[in-house]
Each structure stands twice: as structure tokens, then as C-alpha cells.
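Heads up, the thing below is written out as C-alpha cells.
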There are 4 protein chains.
Amino acid sequence: MGISERKQREKEQRRHDIILAAEGVFFSKGIHVATVDEVAEAAELSKGTLYLYFKNREELIAAVFHRGMDLLQQMMVGSSLQSSKAIDKIRALGRVYLDFAKKHPDHFALLLEKELHRLAMDDSTPEAQSCVESGLQLLTMLKLLIIQGIQEGSIRNDIDPARMALIVWGQIHGVIAIASQEEHSDHFQKFCSFDLESIVTTTIEMIVNGIIK
Amino acid sequence: MGISERKQREKEQRRHDIILAAEGVFFSKGIHVATVDEVAEAAELSKGTLYLYFKNREELIAAVFHRGMDLLQQMMVGSSLQSSKAIDKIRALGRVYLDFAKKHPDHFALLLEKELHRLAMDDSTPEAQSCVESGLQLLTMLKLLIIQGIQEGSIRNDIDPARMALIVWGQIHGVIAIASQEEHSDHFQKFCSFDLESIVTTTIEMIVNGIIK
Amino acid sequence: MGISERKQREKEQRRHDIILAAEGVFFSKGIHVATVDEVAEAAELSKGTLYLYFKNREELIAAVFHRGMDLLQQMMVGSSLQSSKAIDKIRALGRVYLDFAKKHPDHFALLLEKELHRLAMDDSTPEAQSCVESGLQLLTMLKLLIIQGIQEGSIRNDIDPARMALIVWGQIHGVIAIASQEEHSDHFQKFCSFDLESIVTTTIEMIVNGIIK
Amino acid sequence: MGISERKQREKEQRRHDIILAAEGVFFSKGIHVATVDEVAEAAELSKGTLYLYFKNREELIAAVFHRGMDLLQQMMVGSSLQSSKAIDKIRALGRVYLDFAKKHPDHFALLLEKELHRLAMDDSTPEAQSCVESGLQLLTMLKLLIIQGIQEGSIRNDIDPARMALIVWGQIHGVIAIASQEEHSDHFQKFCSFDLESIVTTTIEMIVNGIIK
DNA sequence: AATGAATGAGTCTTCATTCAT
DNA sequence: GATGAATGAAGACTCATTCAT
């Protein structure tokens with residue numbers, strides 16, 4: 001029994017290694033430009049072997065996308081939202097999102113790629129399901145915190161919590177997206193001094209300002 | 001002579017027609033997947049003719065991108081921000097952005113594509129310059145309105161106007177992006193009732209809430 | 001009457017101008033690489049106009065080839081082989097050939113291009129005929145001089161004059177070809193000091209040595 | 001392991017087969033006209049496979065060129081220049097060159113193609129080096145024989161040996177080139193009876209006549 | 001006569017995928 | 001399981017030639 005389990009573990013380990021190699025290649029070369037050969041080389045495997053672990057190039061991409069979702073999920077779970085007050089927890093959640101964007105900028109960039117969503121869900125594998133759910137989880141968590149805030153009387157109650165959650169997510173995501181994209185653009189450097197960290201801090205404050213009673 | 005002028009006009013018209021055809025193909029198939037042949041067919045032209053008007057596939061894409069920027073710019077210029085109060089003008093600007101996203105969803109989606117920015121600017125043609133400027137114009141306009149609002153005493157003065165402009169843009173962009181992407185997803189439909197229009201209206205209100213004194 | 005003659009002259013002049021432009025392009029870019037567009041541009045004409053004067057790209061190349069033959073012929077005719085002695089005339093003919101190679105190195109290089117011979121003769125135009133003849137003319141002249149030399153008793157009589165002519169031509173042509181090709185090669189520079197002029201002078205002397213009685 | 005060695009051998013064999021197929025296509029159609037597809041078909045391989053063995057169309061051409069140089073080199077090495085006298089050895093070397101031109105007329109024709117020299121040397125691979133050397137080797141051998149002849153007192157000593165070597169090579173090459181090109185031309189058939197073999201024999205005799213004391 | 005826009009067949013090259021070993 | 005040679009279907013781009021104006 002132990003043998004087949006070990007084999008299974010090894011297989012998953014190798015699959016994971018391939019995903020890491022793929023990440024490296026995809027993110028440095030660009031997903032649409034990087035080739036399977038390059039991934040194989042990075043993984044120090046033959047091209048044929050890759051196809052033992054992934055049916056498709058697409059499936060490989062989906063796996064990378066999926067891993068990004070997992071990373072986000074882990075960071076959310078890992079962050080102990082300790083404070084008792086809903087508003088503070090929302091603040092903390094915003095910071096987690098920022099941390100994710102900073103640690104995994106390329107994964108962050110994938111979050112809103114329409115094409116990838118289609119890809120990741122075409123196969124109705126259980127993986128794909130969880131993938132979407134991981135997207136929803138952030139929203140759901142936000143919604144719950146908002147409800148808590150409303151109950152505490154700290155958050156305005158004239159907006160549907162689910163809707164507010166969506167908006168809050170969109171707001172913070174948009175700011176991070178624009179800021180981290182233009183971080184290296186001269187044009188925008190001239191426009192305002194750029195420091196992703198402080199900009200997002202300000203943003204969170206402004207968002208909070210918009211939702212408190 | 002009128003004759004050479006007409007020729008010139010016709011040539012530009014044809015170039016424009018090609019861009020429209022390219023838009024159709026690129027947006028339906030996806031920019032990375034669509035081929036030059038497909039664009040040629042859509043434009044009812046031979047492949048060779050396309051290359052008379054565009055040096056490259058890249059230049060073709062850049063032209064499409066550029067047109068999106070133009071469309072946005074036109075809508076911004078076209079919208080007479082009539083109200084005298086800065087806050088109301090900002091609201092109006094937000095609605096213009098929403099209108100743009102609704103009328104030209106695919107162009108809207110391109111706004112933040114890193115790769116395209118690179119593409120559109122690689123050629124240091126005057127066109128490329130105006131392209132970037134059109135991106136900055138929105139920001140600049142926002143900044144001016146914010147400054148006006150601060151002077152009017154209606155907008156908080158503890159945040160640098162340029163920075164605030166960037167944030168406001170990010171916020172509204174993010175909400176529209178997420179909302180319009182997930183509009184057709186069952187998962188999100190279940191999460192909250194989806195109506196891009198009303199969601200953005202709420203968003204604008206929340207943003208305004210965040211920036212007023 | 002004068003009008004149509006003038007038109008005719010102008011037409012031939014233009015045709016000639018095109019050939020000169022084609023030479024420039026073909027010789028600098030390489031015949032196989034240069035395009036009709038480039039020739040048109042060099043001739044400051046539209047591509048369509050070129051096809052009024054030349055049926056084909058091939059015909060254009062043939063015309064250039066033909067012009068080379070003409071140039072050689074003119075130089076041969078122009079050189080008054082004054083000396084009375086056959087051997088000296090042959091020497092002079094060799095120098096003419098060298099002069100041709102120096103003045104028109106690219107035309108010289110075309111002389112032995114198999115492909116061009118085929119091209120130049122495919123159309124059985126009178127031009128093509130004269131083209132070959134101009135090739136033969138050199139040989140014929142050589143043969144006559146050799147016969148004269150034999151009669152004078154200065155040239156050995158154990159070799160058929162026609163055959164000897166062919167050989168002499170081949171000898172001098174080969175030396176010029178190799179020398180002028182490798183003139184700019186570092187490898188050959190190291191092998192022996194290069195001076196086309198003096199090498200050919202030596203060659204002529206050696207050839208003469210080989211044919212005198 | 002013998003297995004990987006066999007694989008290696010097979011791969012080289014295949015590479016060699018492709019070169020042979022390329023030779024067939026290039027020489028019958030003309031190097032500039034023949035296409036990669038035609039080579040692939042001749043090699044009974046898919047086009048893609050060709051690109052596993054050769055990076056480029058250019059590299060393929062260079063390989064063919066290189067093989068020609070190898071063939072010449074082998075024939076030179078293979079010919080035991082037995083006679084003790086320098087003059088006789090030079091005669092023998094001339095015959096080897098003739099044999100090469102007869103056995104591999106197309107490779108012979110490539111020897112002086114400027115463009116190919118550039119091609120074959122652009123990649124500064126060791127192959128390319130040996131390629132040039134093989135060209136020089138003939139010259140060097142000639143020079144040594146000439147020096148020997150001078151020492152023996154059979155060859156005139158008023159001409160620099162290196163220069164004489166170059167000239168002798170040019171002479172014999174030129175005669176073979178012209179003769180083998182025009183061999184099939186009616187025009188030249190009329191001019192003198194054509195028999196490559198006997199013409200070159202005569203040529204060698206004439207050259208020898210030109211260099212002996 | 002001159003133009004130059006339009007054509008489309010043709011070329012090289014790439015790359016995801018398969019399969020015999 | 002692992003390999004990597006082989007495939008062939010595309011794809012981007014070129015260019016000689018034509019033809020309406």
C-alpha cells in the first residue's frame with residue numbers, strides 16, 4: 001500500500017514542479033508567446049513527458065491560473081483577521097489582497113483575464129469548480145464582513161451587502177491593477193509619485209470612508 | 001488638385017475600414033488567436049493589401065488599440081460637463097467612463113493590457129504619443145476637477161490630487177471591469193443581482209462619499 | 001515624322017535609364033534578392049511603368065546582362081590593337097579584359113553565370129542572339145590572332161587555334177575571377193599580396209609563355 | 001551505452017541524407033529557386049523535420065556547400081601524387097581538379113560563388129573554418145609544389161610561388177568553368193570540338209609550359 | 001504613357017501534439 | 001514512465017504581375 005501512495009505523491013510532486021516551471025516561463029515570456037518546449041526545458045523534462053501530466057497546453061495554463069487562485073486563497077486563510085471590528089477586518093483583507101499583488105504580480109494580473117476564465121472552466125473538472133469558488137470566496141468573505149459591519153452599525157445599510165462587496169473588491173482591484181501596471185511607466189511617474197504600498201493604503205482609507213455610516 | 005485629395009481620402013477611408021474589420025475579428029476571436037488572414041477576409045481584401053496599409057500584424061493591433069483611445073477621448077470631449085460643481089462633474093465623468101465601457105466593452109478591456117501599451121508605443125510615431133496622452137487626459141481632467149473641488153471646499157484636502165485622481169480612476173475602472181466581465185457568469189449572477197448600470201451608479205456614490213470632506 | 005522619331009528616342013532613352021537603375025539595385029543588393037519595387041524606386045518610376053518597358057523581371061535581368069556584353073564589346077572594339085605582332089595584340093586583348101573586369105566587376109561576374117545565359121537566350125529575340133555573339137566575338141578575335149601568330153611563326157602550331165583561344169580565355173578569366181573575388185578576403189590577403197593589376201600582368205606573361213613556340 | 005551511440009549515428013546519417021536530397025533539389029532547380037518544401041519532399045520528410053536538423057534554409061545551403069569542399073578535399077588527399085618530380089605532381093593535381101569538376105560539376109560551380117562564401121562563414125562554427133581552409137589547402141599544396149619545383153630547377157624562379165599558385169589555380173579553374181558551362185551550348189560546339197577531358201589536358205600542358213624554366 | 005492600388009500564390013518558419021522505442 | 005524524433009497544419013509576410021484610372 002505504501003508504495004502506490006508514494007508513487008502517487010511523487011507524481012503530484014512532479015506535476016507541481018512542472019507548474020512552477022511553467023509559471024517561470026509563462027510569466028517571463030508572456031503566456032501567448034511561451035512555447036511548450038520552453039516549459040519542458042525549464043522543467044528539465046522532455047516534451048513528451050509534459051503531456052503525460054497535462055492533456056494540453058491549455059490545461060497547463062489552466063493549472064498555472066489555478067495555482068494563482070490557490071495562492072490567493074491560502075493568503076486569505078493564513079491572514080488571521082484578528083481584530084474584532086468588521087471595518088478593521090475589511091482593512092486587513094484589503095492589505096492581504098495588496099500583499100498578494102505584490103508577492104505574485106503576474107498571478108494577480110491573470111485574475112481578470114477573460115480568456116483564462118473561459119479556459120479554466122471549460123473542463124468541468126472539480127478543479128475548475130474550486131477555482132471559481134476561490135474567486136467567490138473573497139467576495140463571500142467581504143459580504144459577511146459587511147453584514148457584520150452593518151449589524152455593528154459602523155457600515156451604511158442603504159446598499160445591498162453583496163453588491164457592496166463586489167464594488168469594494170472592484171475598487172481595490174482596479175487601483176492595484178492600474179498602479180502596478182503603470183509603476184514602471186515614465187508617463188505616470190511624472191503624473192504622481194508612485195509607491196504601490198502607500199497608494200493602496202490611501203485607497204483603503206477612501207473606500208472605508210465610502211462605506212461607513 | 002481635387003483628384004489627389006480624393007485619393008488621399010479614399011486611402012484613409014480604406015485604412016479605417018480595415019481597422020473596423022480588424023476590430024470585429026480581434027474582439028470576437030481574441031487578439032492573440034485571430035489571424036491576419038481572418039482580418040483580410042473580414043475586410044474583404046487580399047492579405048497583401050492589408051500589408052499596404054499596415055506594416056505589421058502588430059501595427060494593425062496598435063491601430064485598433066489606438067482607435068479605442070480615440071473613442072474614449074471623443075466621448076470625454078463630447079460630454080459637456082455642464083454642472084458647475086466639481087463633485088458633479090466628477091460624477092458625470094464617471095458616467096462617461098461607464099458609457100464607454102458599455103458601448104465599447106472590448107476597447108474598454110484593452111485599456112489595461114500591458115502588452116498593448118508596449119506595442120502602441122514602440123513606434124515612436126506621433127500617433128503613439130497621442131495615444132498615451134489620451135490615457136493621461138482622463139487622469140489630468142480628474143485631477144483638475146479634484147483641485148477645483150478642494151478649492152470649493154467640497155473635497156477633502158488631505159490627499160494629493162494627482163494621487164486621488166489615480167485612485168478614483170482605478171476604483172471605477174476596477175468595478176466596471178469586474179462587473180462587466182462577470183456579467184454573464186452564472187456564479188456571479190447568483191451572488192448578487194447584476195445590472196452594470198446600477199452597480200456603477202452605486203459605486204460612483206461610494207467613491208464620492210470617500211472623497212468629500 | 002520628326003515627332004515619332006523623337007518619341008522613339010525618348011522611349012529608348014528611358015529604357016536605358018531603367019537598365020542603369022536596375023544595375024545599381026541588382027549589383028548592390030544581389031540579383032536574386034533585389035525586387036522589382038526597388039528597381040522602380042531607383043528608376044524614379046512607378047512599378048507599372050517598368051512593365052511597359054520590360055515584359056518581365058527576367059527580361060529586365062537579361063537586359064542588364066546584355067548591357068554587360070555590350071560594354072565588353074565596346075571596350076574590345078575601342079581598343080585599337082595597334083601593334084603589328086599577334087602576340088602583342090593578344091597581350092593587349094588580355095589587358096582589355098582586365099580593364100573590363102576592373103571597370104565593371106559585377107558585369108564581369110555575370111559573364112559565367114549559367115542561369116543568366118539560359119535567361120538571356122530563352123527569348124529568341126535578336127538581342128539574345130547578339131548577346132551570345134558578343135560572347136563569341138572575343139573568342140573569334142582570339143582565334144584569328146592565334147592563327148596570325150602561327151603564320152608569323154611566333155605561336156606554337158601543335159594546338160588547334162579555336163581550342164587554344166578557348167583555353168586562353170578561360171585562363172585569364174579564371175585568374176581575374178578568383179583574384180577579384182578574394183581581393184577582399186582576409187584569408188587570401190595573408191596567402192599572397194593582392195594587386196589585381198600586377199597579378200593579371202604576370203598571368204598574361206605566363207599564358208604567353210605557354211603558347212609561344 | 002551502445003544505444004545512444006547508435007542514435008547518434010542514425011541522426012548524423014539522417015542529416016547526411018537530407019544534405020544529399022538538398023543537393024539533388026538545389027542542383028536541378030537552382031539554389032535560388034529551389035524551396036525548402038522541395039527539399040523536404042525529396043528527403044521524404046516533413047518540412048518540420050528538416051528544421052530539426054538545420055536551423056535555416058541558409059544553413060542547409062551552407063551544408064551543401066561545405067560537403068562540396070569536403071569532396072574536393074577527399075579527392076585531393078586520396079590522390080597519391082606519386083611522381084617524385086614537382087612538375088608531374090602539379091600535373092596530377094590539375095587532373096584531380098578536373099576529376100572533381102567532372103564528378104561533381106555543380107559543386108565545382110559553387111566554388112567561386114561569392115554569396116556562398118559569405119553564407120558558409122557567417123556562422124563562425126569550426127565547420128565554417130575548415131571550409132575556408134579546404135579552399136586554401138589547394139592553394140597551399142600548389143605553392144609547396146611550386147617551391148619544390150623551383151628548388152629542383154624545373155620551375156622559373158622569377159615569380160613569387162604564392163602568386164604563381166594563385167594564378168595556376170585561376171587558370172585551370174577558368175578553363176574548366178568555361179568549358180563545362182558551354183559544353184552543352186550549340187554555339188560553342190560549333191566554335192571548337194568539345195571534349196572537356198582533352199581540353200583540360202591541353203590546358204595543363206600549356207600552363208606547365210608557362211611556368212617551367 | 002504613367003500610375004499605384006490590389007492581388008494571391010508562394011515562402012520560410014513555428015509549434016502543439018503524437019508515438020514508437 | 002520517460003523520451004525526443006517526426007509530423008503537418010497554420011501563420012506571418014513578400015513580391016511579381018495586373019489593371020482601372
Side-chain angles (χ1 to χ4, degrees), chain A residues 7 10-11 14 32-41 43-61, chain B residues 3-4 6-7 10-11 14-15 18 32-41 43-60, chain C residues 7 10-11 14 32-41 43-61, chain D residues 3-4 6-8 10-11 14-15 32-41 43-60:
Chain A
K7 289 259 181 175
E10 280 176 4
K11 201 173 171 183
R14 169 143 306 186
H32 296 287
V33 182
T35 70
V36 173
D37 295 65
E38 287 165 338
V39 173
E41 193 180 3
E44 294 176 331
L45 284 174
S46 82
K47 207 176 356 178
T49 308
L50 246 62
Y51 281 86
L52 294 178
Y53 291 88
F54 298 90
K55 203 177 77 233
N56 263 342
R57 185 181 187 274
E58 290 209 347
E59 202 175 84
L60 193 53
I61 294 176
Chain B
I3 203 168
S4 73
R6 182 177 52 92
K7 289 258 181 176
E10 279 176 4
K11 209 173 166 184
R14 164 124 327 169
R15 188 185 153 94
I18 295 175
H32 295 288
V33 182
T35 71
V36 173
D37 294 67
E38 286 165 339
V39 174
E41 195 178 2
E44 294 177 328
L45 285 173
S46 80
K47 207 183 340 186
T49 306
L50 244 63
Y51 282 89
L52 291 180
Y53 291 87
F54 299 90
K55 207 178 73 236
N56 265 341
R57 183 181 187 277
E58 288 209 347
E59 204 176 83
L60 193 52
Chain C
K7 290 258 181 178
E10 279 177 5
K11 203 172 168 182
R14 171 144 301 186
H32 296 287
V33 181
T35 70
V36 173
D37 293 67
E38 287 165 339
V39 173
E41 195 181 3
E44 294 176 329
L45 284 174
S46 82
K47 207 179 350 181
T49 307
L50 246 64
Y51 281 87
L52 293 178
Y53 292 88
F54 298 92
K55 204 179 77 233
N56 263 341
R57 185 181 187 277
E58 289 208 346
E59 203 175 84
L60 193 53
I61 295 175
Chain D
I3 203 169
S4 72
R6 181 178 51 92
K7 289 258 180 176
Q8 185 59 25
E10 279 176 5
K11 210 174 165 182
R14 164 121 333 165
R15 189 184 152 95
H32 296 287
V33 182
T35 71
V36 174
D37 294 65
E38 287 164 340
V39 173
E41 195 178 1
E44 293 177 331
L45 285 174
S46 80
K47 209 180 341 185
T49 305
L50 243 63
Y51 281 88
L52 291 179
Y53 291 88
F54 300 90
K55 206 177 74 238
N56 266 341
R57 183 181 187 278
E58 288 208 347
E59 205 175 81
L60 192 52

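Residue numbers start from 1 in every chain, and the chains themselves are labelled A, B, ... in the order their sequence lines are given, proteins ahead of strands. The basis for the numbers below is simple: all heavy atoms, side chains too, and nothing from hydrogens, waters or symmetry mates.
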Could you pull out the protein-nucleic contacts involving nucleotides 17-21 of chain E (nitrogen or oxygen on both sides, under 3.5 Å)?
from, atom 1, to, atom 2, distance (Å)
E:dT17, OP1, A:N56, OD1, 3.3
E:dT17, OP2, A:Y51, OH, 3.0
E:dT17, OP2, A:R57, N, 3.0
E:dT17, O4, A:K47, NZ, 2.8

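B:L50 CG to B:R57 CZ: the interatomic distance, rounded to the nearest 0.5 Å, is 11.5 Å. Separation of atoms CG (C:L45) and CZ (C:R14) is listed at 5.0 Å; rounding is to 0.5 Å. Atoms CZ and CG, on B:F54 and B:L52 in that order, are 11.0 Å from each other to the nearest 0.5 Å. Atom NZ of residue C:K47 and atom OG1 of residue C:T35 lie 8.0 Å apart, to the nearest 0.5 angstrom. Interatomic distance, NE2 of A:H32 versus CD1 of A:I61, reported as 7.5 Å (0.5 Å rounding).
In this structure, CZ of A:F54 is placed 13 Å from P of F:dA2, rounded to the nearest angstrom. Atom-to-atom, CG of C:L60 to P of F:dC15 comes out at 15 Å; the value is rounded to the nearest Å. Across the protein-nucleic acid pair, B:E59 atom CD and F:dA12 atom C1' stand 14 Å apart, rounded to whole Å. Rounding to whole angstrom units, CD of residue A:E38 and P of E:dC15 are separated by 7 Å. For D:L52 and F:dG8, the CG to C1' distance is 12 Å, given to the nearest whole Å. As a whole-Å value, the separation of D:R15 CZ from F:dA6 P is 13 Å. The CG atom of C:L50 sits 14 Å away from the P atom of E:dA1 (whole-angstrom rounding).
Comparing A:Y53 and D:L45, the nucleotide of DNA chain F nearest to each residue sits closer to the 5' end for A:Y53. Nearest-nucleotide positions on DNA chain E place C:E44 closer to the 5' end than the other of C:E44 and B:S46. Place C:T35 and D:K11 on DNA chain F by their nearest nucleotides, and D:K11 ends up nearer the 5' end.
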Which nucleotides of DNA chain E pair, in dot-bracket form (Watson-Crick or G-U under 3.5 Å, | meaning another strand): .||||||||||||||||||||
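A distance-only check finds a donor-acceptor pair linking the side chain of C:E59 to the backbone of C:K55 [under 3.5 Å].
With sequence neighbours excluded, the residues forming a salt bridge (charged side-chain N to carboxylate O under 4.0 Å, His left out) with D:E10 are D:R6, listed by chain and number.
Distances shorter than 4.0 Å separate some side-chain N or O of B:R14 from OP1 or OP2 on E:dA6. In this structure, A:T49 reaches the F:dT3 phosphate: one of its side-chain N or O atoms is under 4.0 Å from OP1 or OP2.
When every heavy atom of B:R15 is checked against every heavy atom of B:Y53, the shortest pair comes out as NH1-O, 3.0 Å. Here the closest non-hydrogen pair linking D:Y51 and D:N56 is CE2-CA, 4.4 Å.
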